[in-house]
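What you see below is based on every heavy atom in this structure, not just the backbone, and it leaves out hydrogens, waters and symmetry mates.
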Amino acid sequence: MPAFLDFNCSKTIDCKQGAVRAVRYNVDGTYCMSCGSDKKVKLWNPASGLLLKTYGGHADEVTDAAGSCDSSYIVSASLDKSIIYWDVSTGTPVRRLRSHAGGVRCVCFNEDSSIAISGGRDNAVMCWDIRTRRLDPVQVMKEARDCITAVLTNEHKIYAASLDGCVRHYDIRVGELICDKIGQPVTYLAQTRDEQCLVAGCQDSVVRLLDCETGGLLAEYKGHQADDYHIECGILANDAHIVAGSSEGYAYIWDLLETTVLQRIRISDNGGVVHSLATHPKRQELLFARRRDMYVFTTDVQIEEEQL
């Protein structure tokens, strides 16, 4: 097991886009995106804090974004019920997809970025073929009884978390649905790198580790406060530590096996909900969102010393 090093704040970025709704890394972690209540997506260099591009075109708050596998496209979801497929370099919308009957909460790409998957407040999960000019979804899954809060995919499965307390596994190869009932509203979902486990953030202030194959509960992580917020969780690149935000201005890191709190990170002195986070795909690095700001945390001590 790798030794745990404490995380320190290496950058604080004022996104200047109202409340930051979500923060996300691109595929290799070189860039990051922030989704704002000002209806825009911003692309940043997290190391320097430099704003690279702003993407404006939504008519309401942007709730989620994802970068394609070659980092040349971004897909974003918004409460205006639409998904926009952006060209990264020009900053222009390539396609605007509307079929959701309510605000879109989450969006992700499949592995080769040929399909975008979205989940919305209309309880539907939709799959879009974005390489064609087809403007309606190729598949719609309407099994959930409440808002879809997170969608994930791997080679042959789509995972959808919902406030109805279930995590649904859609197996694309055999066309079957497996529903894991957790019994608490699930606000976020993350997958381990080995694709064996799911981490589910729940509204009862518990993060749960689930077995993908059996749906069994492997572990529970407690200590943070979710209250009634949509608190996100994640797994660090080494698959050994779990991280989650909290409603009182802190973030928590747990040992995956021991379920003990390894670090309680104070994001800000004056509170504020730490609701969105992103884990770097390769390094020990984290992004957090709180109010108007985005925070970059790293275990690298040299960065700290340079700034001092």
Side-chain angles (χ1 to χ4, degrees), residues 1-2 27 64 66 69 105-119 123-127 138-222 226 231-244 253-260 277-282:
M1 194 63 121
V27 67
D64 198 5
C69 57
R105 276 302 316 261
C106 47
V107 69
C108 73
F109 273 117
N110 69 340
E111 281 187 83
D112 64 352
S113 304
S114 58
I115 302 276
I117 301 157
S118 61
N123 312 351
V125 176
M126 295 187 183
C127 302
V138 290
Q139 193 169 3
V140 181
M141 285 89 91
K142 285 192 166 175
E143 283 76 21
R145 293 192 204 88
D146 207 334
C147 171
I148 305 288
T149 52
V151 283
L152 282 178
T153 181
N154 59 19
E155 211 174 321
H156 58 274
K157 270 189 179 175
I158 295 170
Y159 301 99
S162 170
L163 291 181
D164 63 7
C166 293
V167 175
R168 291 176 174 82
H169 306 232
Y170 296 93
D171 195 315
I172 306 154
R173 293 177 306 182
V174 292
E176 71 175 18
L177 161 65
I178 299 163
C179 179
D180 292 340
K181 198 165 173 61
I182 292 173
Q184 291 291 338
V186 185
T187 58
Y188 200 66
L189 211 55
Q191 192 173 25
T192 52
R193 303 281 185 274
D194 61 8
E195 299 183 354
Q196 298 296 308
C197 306
L198 288 174
V199 176
C202 303
Q203 217 145 29
D204 61 344
S205 301
V206 179
V207 175
R208 292 173 169 85
L209 185 69
L210 309 168
D211 188 307
C212 280
E213 284 303 308
T214 64
L217 178 64
L218 300 174
E220 292 187 338
Y221 307 92
K222 296 174 183 170
I231 302 288
E232 294 181 3
C233 55
I235 305 152
L236 293 177
N238 57 10
D239 265 358
H241 306 118
I242 306 274
V243 59
I253 298 176
W254 293 271
D255 188 294
L256 185 130
L257 297 174
E258 306 289 328
T259 71
T260 51
L277 61 89
T279 55
H280 194 284
K282 297 180 179 127

Novice: If you compare all heavy atoms of L236 against all heavy atoms of R193, which two are closest, and at what distance to 0.1 Å?
Specialist: C-NH2, 4.2 Å

Novice: Go through the structure and list residues passing salt bridge (charged side-chain N to carboxylate O under 4.0 Å, His left out) with D146, not counting sequence neighbours.
Specialist: none

Novice: How many angstroms lie between CD in Q203 and CD1 in I231, if you round to the nearest 0.5 Å?
Specialist: 9.0 Å

Novice: Can a donor-acceptor pair be found, under 3.5 Å and without considering hydrogens, that links the side chain of T149 to the backbone of A161?
Specialist: yes

Novice: If you look at every heavy atom in T153 and K157, which pair is closest and at what distance?
Specialist: OG1-O, 3.0 Å

Novice: I'd like to check the salt bridge (charged side-chain N to carboxylate O under 4.0 Å, His left out) partners of E195; sequence neighbours left out, ordered by chain and number.
Specialist: none

Novice: How far does CD1 of I115 sit from CD of Q139, to the nearest 0.5 angstrom?
Specialist: 9.5 Å

Novice: Which residues pass the side-chain contact (heavy atoms from CB on, under 4.5 Å) test with C197, not counting sequence neighbours?
Specialist: T192, L209, L218

Novice: Please name all residues satisfying side-chain contact (heavy atoms from CB on, under 4.5 Å) with C179, sequence neighbours left out, ordered by chain then number.
Specialist: C166, R168

Novice: So does Q184 get a backbone contact from the side chain of D204, meaning a donor-acceptor N/O pair under 3.5 Å?
Specialist: no

Novice: For residues V186 and L163, determine if any side-chain heavy atom of one lies less than 4.5 Å from a side-chain heavy atom of the other.
Specialist: no

Novice: Any side-chain heavy atom of R105 within less than 4.5 Å of one from C147?
Specialist: yes

Novice: Checking C233 now: which residues fulfil side-chain contact (heavy atoms from CB on, under 4.5 Å) with it, not counting sequence neighbours?
Specialist: Y188, V199, V207, A244

Novice: Is it true that a side-chain atom of N154 and a backbone atom of I158 form a donor plus acceptor pair closer than 3.5 Å?
Specialist: no

Novice: For the residue pair E143 / Y170, report whether a side-chain donor-acceptor contact shorter than 3.5 Å exists.
Specialist: yes

Novice: Pair V140, V125 - check side chain to side chain contact (heavy atoms under 4.5 Å, CB included), show working.
Specialist: CA-CA 6 Å; V140 181; V125 176; over 6 Å; no

Novice: Have T259 and D255 got a donor and an acceptor in their side chains that come within less than 3.5 Å?
Specialist: no

Novice: Would you mind reporting whether R208 and I182 have side-chain heavy atoms less than 4.5 Å apart?
Specialist: yes

Novice: Restricting to non-hydrogen atoms, name the atom on D180 and the atom on G215 that form the minimum distance, rounded to 0.1 Å.
Specialist: OD2-CA, 3.4 Å

Novice: Check the pair E155 / E111 against side chain to side chain contact (heavy atoms under 4.5 Å, CB included), numbers first and verdict last.
Specialist: CA-CA 7 Å; E155 211 174 321; E111 281 187 83; 3.4 Å; yes

Novice: Under the 3.5 angstrom rule, does the side chain of T279 hit a backbone N or O of G234 as a donor-acceptor pair?
Specialist: no

Novice: Atom CD of residue position E213 - does it have more than 12 heavy atoms of other residues, nucleotides or ligands inside 6.0 Å?
Specialist: no

Novice: On a heavy-atom basis, which atom in I242 and which in I235 lie closest, and how many Å separate them?
Specialist: CD1-CG1, 4.1 Å

Novice: Let me see the working for V151 and V107 under side chain to side chain contact (heavy atoms under 4.5 Å, CB included), right down to the final yes or no.
Specialist: CA-CA 6 Å; V151 283; V107 69; 5.6 Å; no

Novice: Looking at side-chain heavy atoms only, is the closest gap between L256 and D239 below 4.5 Å?
Specialist: no

Novice: Could you grab the distance from atom CG of L210 to atom CD of Q196, nearest 0.5 Å is fine?
Specialist: 13.5 Å

Novice: With D64 as reference, evaluate C108, S118, C106 under the side chain to side chain contact (heavy atoms under 4.5 Å, CB included) test and give the passing residue.
Specialist: C106

Novice: Identify the heavy atoms of L152 and A190 that sit nearest to each other, and give their distance.
Specialist: CD1-C, 3.8 Å

Novice: Using ring-ring contact (aromatic ring centres under 6.0 Å, His included) as the criterion, list what pairs up with Y159, not counting sequence neighbours.
Specialist: H169

Novice: Determine, step by step, whether H241 and I253 satisfy the side chain to side chain contact (heavy atoms under 4.5 Å, CB included) criterion, reporting the C-alpha distance in whole Å, the side-chain angles of both residues, the deciding distance to 0.1 Å, and the verdict.
Specialist: CA-CA 7 Å; H241 306 118; I253 298 176; 3.9 Å; yes

